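Structure, as structure tokens:
Note that the coordinates shown come from a computational prediction; the quantities given were computed from them, not determined experimentally. Sequence lines set the chain letters: A, B, ... in the order given, protein chains first and strands last, and positions in each chain run from 1.
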Amino acid sequence: MESLRIRVNGKELQVEKGVKLGEVFGILGIQNAVGGKSGSRLIDLLTPLQEDMELTPVFKEDPESLDIMRHTLSHILAQALKELYGYEKVHLGVGPTTEEGFYYDVEVEGHTISSEDLPRIEEKMREIIAKNYPIFRKEVGREEAIKLFSDLKEKYKVEIINRIDEGETISIYGQNGFVDLCRGPHVPFTGMVGEFKLTHVAGAYWMGDSSRPMLQRIYGIAFWDKKDLEERLKFYEEAKKRDHRRIGRELELFLIEDEVGAGLVLWLPKGAILRKTLEDYWKEEHLKRGYQLVYTPHVGNAKLWQTSGHLDYYRPNMFSSMEIEGEEYFVKPMNCPFHIAVYKSKVRSYKELPIKLAELGTVYRYEMSGVLHGLMRVRGFTQDDAHIICAPEQVEEVIQETLEFAIDVLRDFGFEDFKVYISTKPADAIGSPQQWELAEKALKKAVERMGIEYEIDEGGGAFYGPKIDVKIRDAIGRLWQCSTIQFDFNLPERFDMEYVGSDNRRHRPYMIHRAIFGSIERFVGVLLEHYAGLLPLWLSPVQVRVLPVSSEKHLTYAREVEGYLREKGIRVELDARDERLSARIRDAELQKVPYILVIGDKEMEGKHVSVRGKKEGNLGSMAVEAFTNLLLEKIGKKE
RNA sequence: GCCGGCGUAGCUCAGCGGCAGAGCGAGGCACUCGUAAUGCCUAGGUCGUGGGUUCAAGUCCCACCGCCGGCUCCA
């Protein structure tokens with residue numbers, strides 16, 4: 001028998017080839033290990049060791065251990081389904097782990113699983129766990145595997161086997177009469193899994209291909225500790241509480257209605273003022289940084305979209321055409337062709353570059369009905385769009401400046417944590433290698449210089465150019481894609497864009513698309529979820545609500561205060577309804593108004609107001625001017 | 001678009017073959033009130049739309065529209 005040298009935590013051990021990792025740990029007196037790790041590779045206790053290796057044990061404290069037990073839970077889920085609906089009726093797809101749990105894609109003949117079935121399935125799973133069945137692992141040959149899974153009527157598994165590379169080991173795992181094709185890793189007994197809960201069931205195409213059958217995906221979450229599980233469930237509840245669709249209705253910000261159309265947003269007065277605040281800020285910041293604002297139409301001639309290539313490549317996402325005086329027109333899905341037309345309105349000199357054209361351009365895109373979601377995914381939205389046209393030697397500086405701009409803006413809205421993704425040249429790219437190299441280098445350099453954490457999505461760029469995407473982390477840790485800076489080597493060619501260089505010759509400029517918010521709609525949605533509706537003062541649709549204690553005695557002075565604040569540019573409302581003061585306070589609190597001013601006899605005497613802050617609580621009485629100055633200072637600081 | 005669930009008053013929801021309901025909100029009246037809900041009264045519905053089954057349909061069946069959870073797509 002061949003022998004192997006295994007190093008665990010620095011201790012070297014000589015064992016026979018084929019000895020299971022669990023036995024190795026046993027010899028070494030390592031207890032409670034869930035599995036082992038060699039480099040980044042996870043190995044479970046059931047796996048026979050075939051080569052010399054250095055290992056560290058994985059315990060429950062190690063995050064990798066979750067992956068192992070979640071994987072086993074997905075098998076237990078599969079077995080539970082087989083037990084409940086019949087071994088030959090349940091066809092298994094794939095059952096991987098997720099960031100917080102696991103799922104299994106299955107097809108159940110003659111039954112569709114609904115969320116009502118989940119408790120029963122869970123119960124069956126707990127039975128399997130309680131029995132503490134030993135889990136086995138076996139390596140099988142390709143032919144043997146195909147025969148085994150064909151006999152089991154596991155058509156999807158057979159398909160997977162056929163896709164496995166020659167030479168790769170094919171392993172099966174199972175327990176108590178249940179067998180699954182699986183790479184592992186798993187815990188050695190069904191009783192070793194942690195706390196779990198099945199959360200929901202949804203459809204999922206086999207292999208993610210819409211031309212293949214749709215399976216049912218059963219999702220579960222799982223952690224070692226009940227505490228962690230409950231925390232995760234609380235997170236879902238918290239997310240639900242922050243749902244911008246709910247907040248939007250409660251605070252009367254926006255409306256999306258059947259009568260108007262799916263994915264089309266009506267901005268109610270309070271939402272409109274929020275949007276205006278965002279837009280005014282946006283325009284000011286752009287002007288400060290040398291952008292030129294433009295306005296372009298909502299529709300454009302088909303010839304334009306032909307030249308841009310949208311009709312060839314983007315047509316499925318465009319609304320149907322309309323005919324005007326024998327010419328075909330389309331509602332715009334993008335602003336770029338118009339901005340290019342602005343650029344081309346005259347001969348451009350290198351001295352003008354970079355030219356930065358910006359517009360809050362409302363575009364319409366056909367999105368499949370199933371993907372529409374509140375403000376986050378709509379059919380009509382306003383991009384905070386800009387196109388930067390520059391010379392090659394300006395690219396680096398332009399990218400740097402643009403990225404800084406985006407981050408500065410996002411910081412102003414209270415986001416501090418960013419994740420940046422750079423997508424590089426895909427296989428089917430157009431443009432010269434020099435162009436790609438220059439562009440990709442500029443992107444990387446900009447991110448590195450700013451010291452932001454980033455990842456590279458190798459080959460993930462669009463065919464027409466590489467890009468940077470910025471995602472922001474919200475108050476409960478979720479990432480939202482917002483800003484994007486995207487090179488375009490395609491449109492300058494298609495539209496024959498030029499500038500005259502210092503050599504008096506014509507040159508092709510570089511063009512960069514960029515958005516900071518992404519879309520106004522989506523960004524407002526993200527803001528609402530980030531702040532759970534309690535927007536910072538400078539963004540609040542209503543910043544102050546004035547409440548006279550008595551709607552008769554104090555009304556005149558209350559109106560005076562209201563008028564004064566309004567004149568100072570503060571968004572103020574008077575609530576002199578014939579209601580108890582505490583009822584009106586409650587109402588203002590629920591509407592998340594940052595400051596409530598109570599006005600009674602005492603305040604009237606000294607031209608004071610009694611201030612109650614949403615965050616600070618009762619701040620006591622102060623002079624109207626003092627309060628106004630305090631407020632204006634806070635608004636100025638974007639608090 | 002696909003799979004599953006769901007559409008009942010402005011909102012949140014109950015009713016699941018036999019007289020359309022509740023709370024909040026809205027309107028009216030009384031109370032004139034000091035930091036998170038004063039009381040009483042009233043109005044409000046082709047039960048998403050269209051078809052079908054039935055003596056009888058929010059309720060059962062079919063189609064469509066929309067919403068929710070996913071999948072897919074996001075030149």
Expressed in whole Å, how much space separates the [atom1] atoms belonging to [N] and [M]?
{"N": "B/G4", "M": "B/G51", "atom1": "C1'", "answer": "24 Å"}
{"N": "B/A30", "M": "B/G69", "atom1": "C1'", "answer": "49 Å"}
{"N": "B/C31", "M": "B/C19", "atom1": "C1'", "answer": "38 Å"}
{"N": "B/U53", "M": "B/C61", "atom1": "C1'", "answer": "7 Å"}
{"N": "B/G5", "M": "B/A22", "atom1": "C1'", "answer": "25 Å"}
{"N": "B/A57", "M": "B/G52", "atom1": "P", "answer": "12 Å"}
{"N": "B/A63", "M": "B/G1", "atom1": "P", "answer": "14 Å"}
{"N": "B/C11", "M": "B/G44", "atom1": "C1'", "answer": "13 Å"}

Minimum heavy-atom distance [X]-[Y], with the two atoms named:
{"X": "A/R120", "Y": "A/L84", "answer": "NH2-CD2, 3.7 Å"}
{"X": "A/K332", "Y": "A/F338", "answer": "CD-CE1, 3.5 Å"}
{"X": "A/I512", "Y": "A/I485", "answer": "CG2-CG2, 3.7 Å"}

**OP:** Measure the spacing between CD1 of A/I399 and CD1 of A/I468 and express it to the nearest 0.5 Å.
**Re:** 6.5 Å
Classify [X] by what it touches in the nucleic acid, base, sugar-phosphate, or nothing, heavy-atom distance under 4.0 Å.
{"X": "A/A583", "result": "sugar-phosphate"}
{"X": "A/D587", "result": "nothing"}
{"X": "A/E579", "result": "base"}
{"X": "A/D312", "result": "nothing"}
{"X": "A/Y464", "result": "base"}
{"X": "A/G309", "result": "base"}
{"X": "A/A204", "result": "sugar-phosphate"}
{"X": "A/L372", "result": "sugar-phosphate"}
{"X": "A/E603", "result": "base"}
{"X": "A/R580", "result": "base"}
{"X": "A/K602", "result": "base"}
{"X": "A/G600", "result": "base"}

**OP:** May I ask you to check whether A/F489 and A/W436 place their ring centres under 6.0 Å from each other?
**Re:** yes
Original post:
Are side-chain heavy atoms of A/R612 and A/P594 found at a separation under 4.5 Å?
Top reply: no
Original post:
Given side chains that start at C-beta, do those of A/F418 and A/L410 come closer than 4.5 Å, heavy atoms only?
Top reply: yes
Fit a plane to each ring of [X] and [Y], take the angle between them on a 0 to 90° scale, and name the class: parallel (under 30°), tilted (30 to 60°) or perpendicular (over 60°).
{"X": "A/W305", "Y": "A/H310", "value": "perpendicular"}
{"X": "A/H387", "Y": "A/H513", "value": "perpendicular"}
{"X": "A/Y364", "Y": "A/F319", "value": "perpendicular"}
{"X": "A/F627", "Y": "A/Y595", "value": "perpendicular"}

In Watson-Crick or G-U wobble terms, both distances under 3.5 Å, what is the partner of [N]?
{"N": "B/U49", "answer": "B/A63"}
{"N": "B/A56", "answer": "none"}
{"N": "B/G39", "answer": "B/C29"}
{"N": "B/C13", "answer": "B/G21"}
{"N": "B/G69", "answer": "B/C3"}

Please determine, for the side chain of [X], which listed nucleotide ([options]) has the closest atom?
{"X": "A/S610", "options": "B/C74, B/G34, B/U32", "result": "B/G34"}
{"X": "A/E589", "options": "B/G4, B/U72, B/A36", "result": "B/A36"}
{"X": "A/D601", "options": "B/G34, B/C67, B/G4", "result": "B/G34"}
{"X": "A/V549", "options": "B/U72, B/A75, B/G34", "result": "B/G34"}
{"X": "A/D578", "options": "B/G69, B/C31, B/A36", "result": "B/C31"}
{"X": "A/R586", "options": "B/A37, B/G1, B/A75", "result": "B/A37"}

From [atom1] of [X] over to [atom2] of [N], roughly how many Å is that when rounded to an integer?
{"X": "A/R212", "N": "B/C3", "atom1": "CZ", "atom2": "P", "result": "16 Å"}
{"X": "A/D117", "N": "B/G69", "atom1": "CG", "atom2": "P", "result": "21 Å"}
{"X": "A/L255", "N": "B/C67", "atom1": "CG", "atom2": "C1'", "result": "13 Å"}
{"X": "A/E252", "N": "B/G10", "atom1": "CD", "atom2": "P", "result": "15 Å"}
{"X": "A/L264", "N": "B/G66", "atom1": "CG", "atom2": "C1'", "result": "12 Å"}
{"X": "A/M214", "N": "B/C73", "atom1": "CE", "atom2": "P", "result": "12 Å"}
{"X": "A/R379", "N": "B/C65", "atom1": "CZ", "atom2": "C1'", "result": "11 Å"}
{"X": "A/I596", "N": "B/U35", "atom1": "CD1", "atom2": "C1'", "result": "8 Å"}

Quick check: any donor-acceptor pair below 3.5 Å linking the side-chain of [X] to the base of [N]?
{"X": "A/R249", "N": "B/C11", "answer": "no"}
{"X": "A/R612", "N": "B/A36", "answer": "yes"}
{"X": "A/Y205", "N": "B/G1", "answer": "yes"}

Subject >> Along RNA chain B (nearest heavy atom to each residue), the more 5'-positioned of A/E257 and A/S210 >> reply: A/E257
Subject >> 5′-ward residue of the pair A/S308/A/V611 relative to RNA chain B >> reply: A/V611
**OP:** Please list residues of residues 232-247 of chain A whose heavy atoms come under 4.0 Å from any atom in RNA chain B, ordered by number; otherwise none.
**Re:** A/R245
Phosphate oxygens OP1/OP2 of [N]: is one of them under 4.0 Å from a side-chain N or O of [X]?
{"X": "A/S582", "N": "B/U38", "value": "yes"}
{"X": "A/H513", "N": "B/A75", "value": "no"}
{"X": "A/S114", "N": "B/G5", "value": "no"}

Original post:
Is B/G58 in the syn or the anti form, by the rule that syn lies within 90° of 0?
Top reply: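 Here B/G58 takes the syn form, which means its glycosidic angle is within 90° of 0.
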Original post:
If only atom types and distance count, is the side chain of A/R242 paired as donor or acceptor with the main-chain N or O of A/H530 below 3.5 Å?
Top reply: yes
